[in-house]
Amino acid sequence: MNAMKRAALIEKEWILHKPIEDFVLKEVRELTFNRARGLIALFKEGCETAYIARYREDVHGGLSPEKIRKAKDTYLAAVHLNSKVASSITTITGKLTGLDEKRAVTERLKGCDDMEEVSDITKEFAPGSRKTKANIARGLGLEGPALKVLNGEFVDFCSLITREMKTVRDVEENMKALVADLINKDEEVRKIALKIVKLQTNVRMTVTSKLTREVEKKIETEAVKKVRERYREVIGLTRTAYHIMSHTVSALNRGSEEGVIAWKVELNPSDVTKMHPFQKKTVHRNMQNFFQSAYFYSINTYTVPMLERGVKRFLSKSSEERSITVFGRNVEQLFSQKGVHSKYVIALDPGSIVKAAFLEPNGKVIDMDQFSFSFRAPTFDSRGIEILKNWAKQTMGKDIVVAVGNGSNTYGTQTAVSTMIQNEAFPKEIDVCFCVVPEHGASKYSCTDAAREEFGEDVDIKLISAVSIGRRLIDPMSEYVKIEPQHLGKGQYQLSINEKSLKGKLVDVVRDRVSLIGVDLNLASEALLRNICGLNSTTAAEIVKYRMQKGRFKSRAELKKVKGIGDVSFQQCSGFLTVSRPDELDQPAKKRFKTPDGVAGWSPLDTTTVHPDHYGIALKLISKLNLTVEQIVSGADISFTNLTPEEEEIIKLLRDKPDLKPPPVMMKKCRALKNLRVNEVFLGTVTNTTDFGVFVDIGVEKDGLVHISNYRKNNEQPKTKSSNNKNAPKSNTFVNKNDPEADFKNVPSVGDQIEVIIQGIKGDRISLVPIKEPEPQSSSFASGSR
């Protein structure tokens with residue numbers, strides 16, 4: 001299918017030794033070299049992930065949007081690396097005089113695989129860094145003799161005595177520092193070091209942690225006791241670097257940032273020695289003792305500390321990437337939840353003062369109020385009960401769902417609603433139930449300029465949070481796009497992640513998910529439109545402005561009339577914007593709408609994911625099959641034979657529907673944590689997934705935790721107490737590996753409903769075990785309660 005009609009971005013000349021395709025292939029192993037090259041060409045043209053994922057399968061071969069995002073991130077990082085290397089070569093070589101030294105540092109820089117390597121080399125030549133022992137020795141003219149030693153020649157140290165080096169001992173010490181430095185900077189040594197740092201060898205290395213000295217001094221204070229309890233799992237930790245989990249590293253880094261924990265990586269020097277390229281280095285027989293001294297000095301003084309810092313940096317970077325990946329996946333699932341459109345919504349933001357909003361099924365605010373909560377009963381005050389009963393009388397016979405935020409006092413609020421339902425406080429002719437809705441970021445959004453613009457300056461911002469909770473039930477995606485990423489509360493330690501990285505990840509996830517789900521061009525808000533592939537805040541605002549001035553869009557083609565929507569923008573966005581059948585088509589011909597001059601009228605294909613560029617092929621195919629668009633879209637049992645690959649793709653697009661999660665479970669009763677019993681079975685909803693486990697809401701005050709060890713790769717059965725398979729390979733046992741490519745196929749997603757059994761209860765901690773595969777299509781309990 002056609003590529004975008006945009007000239008390639010101007011980039012600096014590619015100077016790295018490794019071609020850019022290799023960087024992408026290393027991170028996305030499913031690609032071939034040619035597919036990687038094709039993807040890079042699309043990235044250069046400015047194509048977005050969602051467009052590539054849906055319409056350019058001929059290039060990527062069926063990659064998921066997440067993999068395409070990863071390929072794009074890797075491509076952009078490689079371009080940045082190439083640019084950084086080019087500028088570093090110019091900066092560093094400008095300070096050097098010797099041609100050999102210039103060539104050497106240029107080759108080192110061109111061979112870099114990541115920014116850390118460039119940074120390490122740059123630091124060697126930064127102002128002030130030239131005063132190292134090795135550089136002082138260079139200043140004394142010893143680099144030539146040092147290279148001779150490494151080349152197997154004999155060097156008479158007596159001949160090197162000067163006013164600065166008055167004894168052979170002085171010469172030997174300076175030579176040792178310089179030879180050690182040259183050994184450490186050797187290209188083969190650096191290659192081995194990179195493998196060690198990236199955990200690709202068998203070098204033994206251990207991660208250890210302890211309390212900082214400042215905390216140790218205040219060990220008996222109440223504040224320190226609370227901190228120790230919070231970090232008890234990682235204080236005094238000793239773990240091999242190969243098996244430490246990313247969430248553990250995140251906790252260590254968070255503790256370090258708070259000044260509570262000091263952690264480090266320790267390598268076994270003897271393992272490094274065994275792998276060292278200079279282990280069997282041949283030198284002049286009269287220089288062997290000196291060389292051995294310089295060799296071990298290089299390993300202990302330069303190489304091992306460098307490796308320990310590098311491994312710690314690698315673990316931290318991998319942990320952050322993993323946290324962002326987990327966060328992105330969870331948010332993607334959150335955005336994929338079906339909305340509840342057939343009921344009126346009463347939204348409650350729990351607390352000692354309950355904030356409440358009454359919404360029409362389309363999300364329009366009917367009323368807002370607040371009232372007190374009595375913790376003794378627990379129940380609402382009499383005024384609150386009357387408000388809810390009065391609202392229930394205004395639905396004209398339509399059912400109601402009460403959306404309760406999952407924040408502080410959510411369980412008490414659920415109990416109060418449950419009591420009203422059981423006491424038949426609501427009109428008998430309507431069905432009333434309640435559900436729990438994530439409220440993360442609702443209060444933050446209520447303080448934003450966007451909220452004030454929507455609700456006005458006079459509205460109590462506390463009440464806006466209730467509206468946000470209610471609308472998350474009605475149209476989750478439209479409401480969640482308004483929330484800043486760090487406030488969504490989905491992932492592991494996302495508050496300690498680089499905010500720019502986190503926000504960038506969410507922006508990418510949101511754009512992909514909103515686009516691939518698709519929105520109605522005539523109904524989508526400006527906030528949704530700006531997150532559609534090919535659009536931005538300016539063009540989204542222009543679309544809304546056009547709707548206000550001209551009325552509803554009559555077809556996808558009419559998008560071209562909007563200011564700022566050129567050929568490129570239209571090609572990127574049009575497939576993700578649907579236009580439903582205009583009501584005017586039911587009118588007599590004389591009364592039907594008129595499309596703008598030069599714009600094609602509405603087509604049934606405007607409601608599908610078929611791209612306008614391929615309408616011609618699609619219409620010929622539909623005519624050939626003697627079917628209607630509706631018949632194919634309905635998924636009727638129709639067999640298609642003798643189709644070309646292009647026609648098969650059209651059929652696939654016609655039948656493509658977003659994979660949406662069911663709405664939250666609707667309840668009439670809730671139960672208390674104190675009444676739970678071990679071995680009880682529940683159908684719960686996954687609220688969050690992390691690398692250490694899956695959190696499941698089973699309808700009590702706290703979510704339960706299914707430990708990640710219950711989910712194995714390759715469809716292996718969960719480990720049981722009776723298992724005696726001691727020889728099972730550990731490297732492929734659990735899902736939660738440090739590797740961002742950890743297999744998540746068998747782990748349920750946010751919004752999935754799974755059957756679990758209570759394994760144990762300790763205080764307010766509930767340990768759960770899954771008893772069968774997730775059932776994402778299930779949307780309610782048989783009994784109507786949990």
Side-chain angles (χ1 to χ4, degrees), residues 96 98 100-101 104-105 107-108 117 120-121 123-126 128-197 201-206 264-312:
L96 307 176
D100 289 342
E101 195 175 9
V105 74
E107 289 303 301
R108 283 178 64 197
E117 288 184 77
D120 287 343
I121 296 172
K123 285 176 183 176
E124 295 174 22
F125 299 92
S129 64
R130 308 290 285 177
K131 294 180 182 179
T132 62
K133 288 183 179 181
N135 284 332
I136 290 171
R138 283 189 177 89
L140 294 172
L142 295 180
E143 184 151 17
L147 290 170
K148 286 183 178 181
V149 172
L150 293 175
N151 288 331
E153 300 178 38
F154 173 74
V155 175
D156 182 5
F157 288 176
C158 292
S159 66
L160 299 176
I161 294 175
T162 62
R163 282 188 299 176
E164 290 83 5
M165 298 179 290
K166 297 179 180 179
T167 66
V168 172
R169 178 70 176 169
D170 292 341
V171 174
E172 186 173 343
E173 285 299 310
N174 279 284
M175 282 286 287
K176 182 174 75 172
L178 184 48
V179 170
D181 182 66
L182 291 171
I183 291 172
N184 192 54
K185 290 176 180 175
D186 179 81
E187 186 176 346
E188 292 303 313
V189 173
R190 290 292 171 144
K191 286 180 181 178
I192 293 293
L194 187 62
K195 287 185 177 181
I196 294 172
V197 163
T201 69
N202 292 321
V203 172
R204 286 170 288 177
M205 51 186 90
T206 306
K264 62 182 179 179
V265 176
E266 295 177 293
L267 271 70
N268 189 311
S270 64
D271 287 353
V272 178
T273 303
K274 291 174 186 176
M275 293 187 62
H276 204 289
F278 280 61
Q279 182 191 12
K280 297 180 180 180
K281 178 77 173 176
T282 302
V283 296
H284 193 281
R285 62 182 181 178
N286 293 334
M287 305 302 297
Q288 286 179 352
N289 289 338
F290 165 75
F291 173 76
Q292 287 296 310
S293 174
Y295 169 61
F296 285 110
Y297 180 80
S298 177
I299 290 175
N300 294 317
T301 306
Y302 294 135
T303 308
V304 169
M306 174 188 73
L307 291 173
E308 289 174 342
R309 292 191 302 270
V311 172
K312 183 176 180 180

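FYI, side chains are in, hydrogens and waters are out, and symmetry mates aren't considered; it's all heavy atoms of this structure.
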Approximate separation, where rounding is to 0.5 Å, of [X] [atom1] and [Y] [atom2]:
| X | Y | atom1 | atom2 | result |
| --- | --- | --- | --- | --- |
| E117 | L194 | CD | CG | 5.0 Å |
| K195 | T201 | NZ | OG1 | 9.0 Å |
| E143 | N135 | CD | CG | 9.0 Å |
| L142 | N174 | CG | CG | 6.0 Å |
| M175 | L140 | CE | CG | 11.5 Å |

Within 6.0 Å of NZ in K185, more than 12 heavy atoms from elsewhere: yes
Counting only heavy atoms from other residues, nucleotides and ligands, does the tally under 6.0 Å from CG of N289 exceed 12? no
Inter- and intrachain pairs under salt bridge (Lys or Arg N to Asp or Glu O under 4.0 Å), touching residues 159-173, at least two apart: R169-E173, E173-K176
Result block: side-chain N/O donor-acceptor pairs under 3.5 angstrom for residues 150-161, not counting sequence neighbours:
unit_1: N151; atom_1: ND2; unit_2: L147; atom_2: O; d: 3.1
unit_1: D156; atom_1: OD1; unit_2: C158; atom_2: N; d: 3.1
unit_1: S159; atom_1: OG; unit_2: D156; atom_2: O; d: 2.6

Using the side-chain contact (heavy atoms from CB on, under 4.5 Å) criterion, which residues pair with [X]? Sequence neighbours excluded.
| X | result |
| --- | --- |
| E308 | E266, L267, V304 |
| P277 | E188, V189, I192 |
| V283 | K281, Q288, F291 |

Do M306 and R190 have side chains that approach each other closer than 4.5 Å (heavy atoms only, starting at C-beta)?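 With C-beta onward as the side chain, the pair touches.
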I'd like to check N202 versus D271 (side-chain heavy atoms, cut-off strictly below 4.5 Å). Are they in contact? no
For residues [X] and [Y], report the shortest heavy-atom separation together with the two atoms involved.
| X | Y | result |
| --- | --- | --- |
| R138 | D181 | NH2-OD2, 2.8 Å |
| A134 | L178 | O-CD1, 3.6 Å |
| S270 | R204 | OG-NH2, 3.8 Å |

With sequence neighbours excluded, give me every side-chain hydrogen bond (donor to acceptor under 3.5 Å, both in side chains) pair touching residues 290-307. N184-T303
